[in-house]
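Here is the structure we will look at, set down as structure tokens.
Note that the numbering runs from 1 along the sequence shown for the chain. Both counts, for ligands and for their atoms, begin at 1 and track the order of listing.
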Amino acid sequence: MKLNLQIATTLGLTAFSTGIYSQTTPAERPNIIYIMSDDHAYQAISAYGGILKDIAPTPNIDRIAANGMRFDRCLVTNSISGPCRAVILTGKYSHLNGFIKNEGQPDFDGSQQTFPKLLQVAGYKTAMIGKWHLGSIPTGFDHWEILPGQGNYYNPDFINKDGKHTEKGYVTEIITKKCIEWIDEVKDSGKPFMLMMHHKAPHREWEPGPNELTRYKDITFPEPSTLFDDYSNRGTAEKTQDMTISKTMRIEEDIKMYKNRSKMKKTGLDRMNSEQMAAWDSVYDPIIRQFYKSDLKGNNLIRFKYQRYLQDYLACIAAVDRSVGEVLDFLRKSGLDKNTIVIYASDQGFYLGEHGWFDKRWMFEQSYRTPLLIQWPGIVKPGSINNDMVSNLDLAETFLDMAGTKVPSDMQGRSFVPVLKGKTPSNWRKEHYYHYYEYPGSHMVKRHYGMSTERYKLIHFYYDIDEWELYDLQADPHELRNVYDDPAYASVRKDLHKRLKKLMKKYNDSEASAQSFLPTKPKPRP
Ligand code: CA
């Protein structure tokens, strides 16, 4: 404790000097459970509505929305896994935390300031369980157990302080069990706790668990209106990307239409034991046989791939939803629910066929927006919906504020605890800054930075091109028409440019500094 106080003083922290818990004792500080899935699109959470809500509901994740607040404008700063995770830990943009992309990237520098470390100093017990995806070993956690790299769905390996070991079963279920065991272990320690519960699902290769294999087998999902987008009225970046269901999505690996078992190694399905394999084959074999017999072409093949994609992706989510239900039930049974904040989020958004795409990366809505649901008994009004522009840049600051701990001045986001209390400050952000770097690389989405307001989006694609795009979300919610050169938008364009320049200065970013990051060599995607 003496050491903790010393560290606190060195870091300039005065415990409980600010925030809403200044009148309470440490014992009353809330526990924080941050549940994050990988690549979970808001379109695939029924609390968010959308075309899938009735056909693939998520009743347990929806409980968090019903008990708390649904954020409709939670945006990310750089829509790709590792970088998002680094932003969440540090409260800093990629160019300052040093983790700018997934590929060709040094490991996350775990010696830097992160919010779990600051919570430890403030007396919290901390843990990180599940997918980490930052290369280096986690720091700032009393307990950690992570999947190596992308992790496997079946019989996954885990790494902890003692090294690597393999566990039998399905990854979502194993992570859930480990998390509940840890909460049970620390709940009577006299200290508040903070748990990062990070699911691998529903990240590619979208492998449903034994309990969800047949969940959507016979379901036909509605198609998004832009499934056959031809990218007209947009620029080079949209026309030259490599992330379409049509051309990029692989028949064998992505939608698992294996003609030959040796291919299964690429996706980790070769880790299955004979019992798991038999259950898998009983579902997939008839689909595979029918597929090769039908010899689909053109739009019919795209439609088939879209259906297979969603069947598997949503079945993975069904297991995540069950996991969330188990955590909520455990909290209620143990009485922890009254003083525990539960957050459900994804690392970033994802395309479910919109613009003909899967994957993420773009500053367009489906990957730029990410789901965020928060329940906080006694503080957040149940069933509330918020439209303020919040960001993954704000999470570290918000968690520290929830714990009544001072937010360091070098973090670049802002605590949205006042927003959770229904009292959004009048000077809350009116624009949000974005910067994506991973090009050349998987899916060949060109480097871009930009800013969005409530109504508009200004984007600059750079590096090997120099093209600006402007979208009016009110007139064009599906982002199908770049109006940058439209004279009707001349004054809007001028205003947005001015505001973008200010934002870049505020966050200490520039195109020149971005150009200095070394290019990565194109590699086959993982
Ligand atoms: Ca991700």
> With a cut-off of 3.0 Å, does S81 place any N/O/S atom under that distance from the Ca ion (ligand 1)?
Replying inline: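 No - counting backbone and side chain alike, S81 has no N, O or S atom under 3.0 Å.
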
>> Aromatic contact between Y231 and W357, with the criterion being ring centroids under 6.0 Å apart: yes or no?
In response: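 They qualify: ring centres under 6.0 Å apart.
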
> Mind checking whether F221 and Y306 have ring centres under 6.0 Å apart?
Replying inline: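 When the ring centroids of F221 and Y306 are compared, they turn out to be at least 6.0 Å apart.
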
> Going through the distances and angles, do Y449 and Y437 end up as a ring pair (Phe, Tyr, Trp, His ring centres under 6.0 Å)?
Replying inline: CA-CA 9 Å; Y449 62 89; Y437 303 82; 9.4 Å; no

> For D38, what is the atom name of its N, O or S atom nearest to the Ca ion (ligand 1)?
Replying inline: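 In D38, the N, O or S atom with the shortest distance to the Ca ion (ligand 1) is OD1.
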
> How is the N/O/S atom of D39 that comes nearest to the Ca ion (ligand 1) named?
Replying inline: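 It is OD1, the N, O or S atom of D39 closest to the Ca ion (ligand 1).
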
>> How large, to 10°, is the angle at the Ca ion (ligand 1) when you draw lines to OE1 on Q348 and to OD2 on D347?
In response: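 Computed angle, vertex at the Ca ion (ligand 1), rounded to 10 degrees: 90°.
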
> Would R369 count as a cation-pi partner of Y42, with NZ or CZ less than 6.0 Å from the six-membered ring centre and within 45° of the ring normal?
Replying inline: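 Checked: cation-pi criterion met.
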
